[in-house]
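Position 1 is the first residue of the sequence, and the numbers go up from there.
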Amino acid sequence: MANYSHAGDHTILQNVSPLATFLKLTSLGFIIGVGVVGNLLISILLVKDKSLHRAPYYFLLDLCASDILRSAICFPFVFTSVKNGSVLTYSILTCKVIAFLGVLSCFHTAFMLFYFFFSLNLFFFCCCYAYL
């Protein structure tokens with residue numbers, strides 16, 4: 001099975017209707033905009049409000065920062081790739097770095113959520129079962 005980013009014939013991927021390309025670009029732009037602006041607003045709220053300076057909200061702030069970085073760094077490369085007819089115009093090193101950052105962001109989010117739920121479980125086990 002050939003990888004289309006390295007295949008010599010790109011005509012299969014470039015025969016996409018303009019409406020489909022427009023819908024893809026619009027949805028990607030919407031995801032990028034909402035991802036950056038929404039997470040930035042939540043981050044500002046978490047930093048400004050002193051009552052939210054507790055451990056669970058620091059986890060949320062870390063997840064917001066990770067999502068902002070992914071939306072601002074990785075998604076524009078996908079946006080440009082879709083705009084060029086799903087042909088990667090970047091070097092192999094750039095593609096590897098962007099793929100690494102995308103995977104790192106996903107694993108970071110998964111591990112932080114796992115750690116958050118594990119620490120909640122540990123808290124309930126230590127604090128709540130002590131009084132039973």
Trainee: Spell out, as yes or no, whether a donor-acceptor pair under 3.5 Å connects the side chain of Ser81 to the backbone of Phe77.
Mentor: no
Trainee: Could you grab the distance from atom CG of Asp67 to atom SG of Cys106, nearest 0.5 Å is fine?
Mentor: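 Interatomic distance, Asp67 CG to Cys106 SG, rounded to 0.5 Å: 9.5 Å.
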Trainee: Quick one: CD1 on Ile32 to CZ on Arg70, what's the gap to the nearest 0.5 Å?
Mentor: 11.0 Å
Trainee: More than 12 foreign heavy atoms under 6.0 Å from CZ of Phe100: is that the case here?
Mentor: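 No - once you tally the heavy atoms of other residues, nucleotides and ligands closer than 6.0 Å, there are 12 at most.
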Trainee: Cluster question for you: counting only ILVMFWY and a side-chain heavy-atom cut-off of under 4.5 Å, with indirect links fine, are Ile73 and Ile68 together?
Mentor: no
Trainee: Rounded at 0.5 Å granularity, tell me how far CG in Leu28 sits from CG in Leu23.
Mentor: 11.0 Å
Trainee: How long is the span from the OH atom in Tyr58 to the NE2 atom in His53, to the nearest 0.5 Å?
Mentor: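 It comes to 5.5 Å.
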Trainee: Tell me, do Thr80 and Tyr90 make a side-chain contact under 4.5 Å, heavy atoms counted?
Mentor: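 Yes, side chains in contact.
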Trainee: Taking C-beta and beyond as the side chain, do Leu63 and Leu113 meet within less than 4.5 Å on heavy atoms?
Mentor: yes
Trainee: side-chain contact (heavy atoms from CB on, under 4.5 Å) with Cys64: which of Leu40, Leu45, Leu69, Asn39?
Mentor: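 Exactly one candidate clears the test, Asn39.
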Trainee: Within a radius of less than 6.0 Å around OH of Tyr57, do more than 12 heavy atoms belonging to other residues, nucleotides or ligands occur?
Mentor: no
Trainee: OG1/Thr109 to CG/Leu104 distance, rounded to the nearest 0.5 angstrom?
Mentor: 9.0 Å
